[in-house]
Amino acid sequence: MNKEQHYLDINRASWNSRTDSHLKSEFYDLPGFLQGRSSLNEIELDLLDDIQGKTILHLQCHFGQDTISLSRLGAEVTGVDLSDKAIESARKIAEQTNADVRFICCDLYDLPNHLDQQFDYVFTSYGTIGWLPDLDKWAKVISRFLKPNGRFVFVEFHPVVWMFDDNFEKIGYRYFNSGAIIETETGTYADKNAAITQEYVMWNHGISEVVNSLIKNGLQIAQLDEFDYSPYNCFNGTIEFEKNKYRIELLEDKIPMVYAIVAIKK
């Protein structure tokens, strides 16, 4: 089997495998979320501004915590994800929290066959584009679903982070997209001791690839920021230097860990 050609099936199975562990993990703190805790971070909240009454399309939403958090701020939100198990969980959590949100289970590239609407915002964050082989197709979907003058808000782990081996001791991968990276892991970022093993297919994407795909598809870059920390403790060898701000201890503040883009549809 050509695993790169079958990446959707492999990655759907991978995320289905992770979902139960993620729901039980301290990382996602589902009990706290059900009691009203927001899953959104300062970085994305600063970029979103006032979303009261706005429509938002949330791409690659996993089991919907950010989707529901956006709706708690007064937005009308639609979440999309490839994993049927994650979307099933998202719908249950929405019901438990009385959240007025909609969830769609499909491949991101196939979304135009499942949804016919345009939005004030398209939003996606943290560990999303690495699962996509073609960023031109990604940006086409974003442009298709944005209203004129609509805003794309994107926060992602910096491509420099993905150059390192798992322990951040040496460079293990190219910065640039050189095709599929096919690996198997035991555990998961949200619970490294979880008794699960899954295969996955991913791609590295440099910032120029991201920016140029958006520009090519009619989006104007309004803001680009880089951050020397991660708001998530999802990597090996981290230290928390301020509350909910993590760096790789070996590398201190020497590398960018997250970047953010705001783009406006012309």
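As the structure is a prediction and not an experimental result, all values here were calculated from the model. Reckoned from all heavy atoms, side chains included, excluding hydrogens, waters and symmetry mates. In this chain, residues are counted from 1 in sequence order.
- Residue pairs meeting the ring pair (Phe, Tyr, Trp, His ring centres under 6.0 Å) criterion with at least one member in residues 75-115, sequence neighbours excluded, do not occur.
- Shown here are the ring-ring contact (aromatic ring centres under 6.0 Å, His included) partners of Y126, two or more places apart in sequence or in another chain: F157, Y232.
- Every residue meeting the side chain to side chain contact (heavy atoms under 4.5 Å, CB included) condition with I239, not counting sequence neighbours, appears here in chain and number order: E249.
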For residues 259-266, which side-chain donor-acceptor pairs fall under 3.5 Å, sequence neighbours excluded?
{"residue": "K265", "atom": "NZ", "partner": "S143", "partner atom": "O", "Å": "2.8"}
{"residue": "K265", "atom": "NZ", "partner": "L146", "partner atom": "O", "Å": "2.8"}

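- Every residue meeting the salt bridge (charged side-chain N to carboxylate O under 4.0 Å, His left out) condition with E252, not counting sequence neighbours, appears here in chain and number order: K254.
- Judged as a ring pair (Phe, Tyr, Trp, His ring centres under 6.0 Å), the pairs with a partner in residues 40-72 (not counting sequence neighbours) are, in order, W15-H62, H22-H62, Y28-H62, Y28-F63, H58-F123.
- Taking L251 as the reference, F164, F168, I248, I255 meet the side chain to side chain contact (heavy atoms under 4.5 Å, CB included) condition, with sequence neighbours excluded.
- Screening residues 160-171 for side chain to side chain donor-acceptor pair (under 3.5 Å) gives N167-N236 as the qualifying pairs, with residues at least two apart or on separate chains.
- Taking 4.0 Å as the cut-off between side-chain N and carboxylate O, R91 and E95 do not count as a salt-bridged pair.
- Note that the CG atom of D66 and the CG atom of N41 stand 7.5 Å from one another [nearest 0.5 Å].
- Partners of H6 by side chain to side chain donor-acceptor pair (under 3.5 Å), not counting sequence neighbours: none found.
- Shown here are the side chain to side chain contact (heavy atoms under 4.5 Å, CB included) partners of Y173, two or more places apart in sequence or in another chain: I181, E183, N204.
- Under the 6.0 Å distance and 45° angle rule, R151 does not count as a cation-pi partner of Y121.
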When the side chains of residues 130-139 are checked against the rest of the protein, which donor-acceptor pairs come out under 3.5 Å, sequence neighbours left out?
{"residue": "W131", "atom": "NE1", "partner": "G127", "partner atom": "O", "Å": "3.1"}
{"residue": "D134", "atom": "OD1", "partner": "D136", "partner atom": "N", "Å": "2.9"}
{"residue": "D134", "atom": "OD1", "partner": "K137", "partner atom": "N", "Å": "3.1"}
{"residue": "D136", "atom": "OD1", "partner": "N217", "partner atom": "ND2", "Å": "3.0"}
{"residue": "D136", "atom": "OD2", "partner": "K140", "partner atom": "NZ", "Å": "2.8"}

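- Here T197 pairs with T184, T186 under the side chain to side chain contact (heavy atoms under 4.5 Å, CB included) rule; sequence neighbours left out.
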